[in-house]
Amino acid sequence: MMSKTTLLKVILLGDGGVGKSSLMNRYVTNKFDSHLFHTIGVEFLNKELEVDGHLVTLQIWDTAGQERFRSLRTPFYRGADCCLLTFSVEDGQSFHNLSNWKKEFAYYADVKDPDNFPFVVLGNKLDVPERQVSGEDARQWCRENGGHPYFETSAKDATNVASAFEEAIRRILALDDRADHLIHTNTVDLQRKTPPDPACC
Ligand SMILES: Nc1nc2c(ncn2[C@@H]2O[C@H](COP(=O)(O)OP(=O)(O)OP(=O)(O)O)[C@@H](O)[C@H]2O)c(=O)[nH]1
Ligand SMILES: [Mg+2]
C-alpha cells in the first residue's frame with residue numbers, strides 16, 4: 001500500500017532551559033524528564049500524523065538555546081517550514097529575547113519576508129505558579145510582531161502541546177503557494193496485510 005505523505009520541517013528556538021526539548025519529547029514520545037540535560041547543537045525527531053485529511057511527516061528540529069552553541073545550531077535553520085519561538089512564562093528574559101530569536105532565524109534561514117513566514121509562539125511552563133510574563137503581554141507581542149498565534153503550554157503536564165504543533169502544521173498547509181514546495185515522498189504501510197498486486201513486478 002503506497003500513500004503520499006508531506007514532509008514538514010519545524011524548528012524550536014528559544015533561550016536555554018525554556019523547555020524546547022521537553023516539548024518535543026512530550027509531543028513525540030509523551031514523556032517528560034524533570035532533569036533533562038541542555039541540548040548541544042541540534043537533535044530531531046519525526047512524528048507521522050493526519051491533519052485535516054493530510055498525511056504529514058512532521059520533522060521537529062530541537063536546537064540548543066545556550067549562546068555558546070549558536071554556531072552549532074544556525075546551519076540547521078534553512079529549509080524550515082515553520083518556526084516555534086519558545087519562552088518560559090516564569091522567565092521574563094526569555095520572553096524579551098523572542099525578537100532576537102526571530103531575527104536570528106530570519107537571517108540564517110534566509111527568510112525574505114519574516115512578516116509572512118509562519119511563526120508560532122509558545123509560552124511554556126504554564127504549570128509553574130510564579131509567572132513573570134502575563135498572557136496579555138505575550139499576546140500583545142504576537143499582535144505587534146506579525147500576528148503570530150500564541151499557545152501557553154506545559155510540557156510537564158502536556159497542556160496544549162499537541163495543539164501548538166498542530167497549529168504549526170495548519171499554518172504551513174494554509175499557505176497558498178505551498179503546492180510547488182511540498183516534498184512528496186512515497187511511504188510503505190508495513191501494517192497493512194493485503195496481498196501484493198499481481199500486476200506489479
Ligand atoms: N515545571 C515545568 N518544567 C519544565 C517544563 N518544560 C521543561 N521543564 C524543565 O525545564 C528544564 C529545561 O528543559 P529543557 O527541555 O531541557 O529546555 P531546553 O529549552 O531544551 O534547553 P536547551 O537545550 O538548553 O536549549 C528541565 O529540567 C525540564 O524538566 C514545563 O512545562 N514545566
Ligand atoms: Mg534542549
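Any value given below was found using the heavy atoms of this structure, including those in side chains, with hydrogens, waters and symmetry copies removed. For ligands, and for the atoms within them, numbers begin at 1 and follow the listed sequence. Quick note: residue numbers are just sequence positions, from 1.
Remark: ligand 1 and T153 share no N or O pair separated by less than 3.5 Å (distance only, no angle test). An N or O contact shorter than 3.5 Å links G19 to ligand 1 by distance. The N/O atoms of G17, backbone and side chain alike, include one that comes under 3.5 Å of an N/O atom in ligand 1. Remark: ligand 1 and T39 share an N or O pair separated by less than 3.5 Å (distance only, no angle test). Residue contacts with ligand 1: A64 is placed with no nitrogen or oxygen under 3.5 Å of a nitrogen or oxygen of the ligand (distance criterion only). Polar contact with ligand 1: present for S34 (N/O pair, distance under 3.5 Å). Between G65 and ligand 1, a contact under 3.5 Å exists for at least one N or O pair.
Although no hydrogens or angles enter the test, the distance criterion places a donor-acceptor pair under 3.5 Å between the side chain of K20 and the main chain of G14. Judged by distance alone, with hydrogens and angles left aside, the side-chain atoms of R26 form a donor-acceptor pair with the main-chain N or O of K156 at under 3.5 Å. Within the 3.5 Å criterion, the main-chain N or O of D157 finds a donor-acceptor partner in the side chain of S154. Within the 3.5 Å criterion, the main-chain N or O of S94 finds a donor-acceptor partner in the side chain of D91. Side chain of D62 to main chain of F44: no donor-acceptor pair is present (N/O by atom type, distance under 3.5 Å, no hydrogens or angles).
One finds a salt bridge joining K112 and D110 here, because a Lys/Arg side-chain nitrogen approaches an Asp/Glu carboxylate oxygen to under 4.0 Å.
Here the heavy atom of the protein found nearest to atom 24 (O) of ligand 1 is H38 ND1, 2.4 Å. The protein atom (non-hydrogen) at minimum distance from atom 29 (O) of ligand 1 is D33 O, 2.8 Å. Ranking the protein heavy atoms by distance from atom 31 (O) of ligand 1 puts A155 N, 2.8 Å first. Protein heavy atom in closest approach to atom 6 (N) of ligand 1: N124 ND2, 3.2 Å. Among protein heavy atoms, atom 10 (O) of ligand 1 sits closest to K125 NZ, 3.0 Å. Given atom 3 (N) of ligand 1, the protein heavy atom at minimum distance is F32 CZ, 3.8 Å.
Those atoms of ligand 1 that come under 4.0 Å of a heavy atom in V18, given as number and element, are 17 (O), 19 (O). With ligand atoms numbered from 1 in the order given, ligand 1 contributes 6 (N), 7 (C), 13 (O), 14 (P), 15 (O), 28 (C) to contacts under 4.0 Å with heavy atoms of S22.
K102 forms a cation-pi arrangement with F119, by the criterion of a distance under 6.0 Å to the ring centre and an angle within 45° of the ring axis.
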Under the criterion side chain to side chain contact (heavy atoms under 4.5 Å, CB included), I'd like the reasoning laid out for T63 against I11: C-alpha separation, chi angles, the key distance, then a yes or no. CA-CA 8 Å; T63 61; I11 191 157; 3.9 Å; yes
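Within the model, atoms CD of Q132 and NZ of K125 stand 11.0 Å from one another, a figure rounded to the nearest 0.5 Å. N97 CG to T86 OG1: the interatomic distance, rounded to the nearest 0.5 Å, is 12.5 Å.
To the nearest 10 degrees, the angle centred on the Mg ion (ligand 2) between OG1 in T39 and OG in S21 reads 90°.
Put simply, no part of F69 is less than 4.0 Å from ligand 1, judged by heavy atoms.
In D127, the part holding a heavy atom less than 4.0 Å from any atom of ligand 1 is the side chain. Contacts of V128 with ligand 1, taken as heavy-atom pairs under 4.0 Å, involve the side chain alone. Neither the backbone nor the side chain of T86 has a heavy atom within less than 4.0 Å of ligand 1.
A perpendicular orientation is assigned to the rings of F95 and W141, their planes being inclined by more than 60° (bins at 30° and 60°).
Between F117 and F105, the gap from one ring centroid to the other is short of 6.0 Å.
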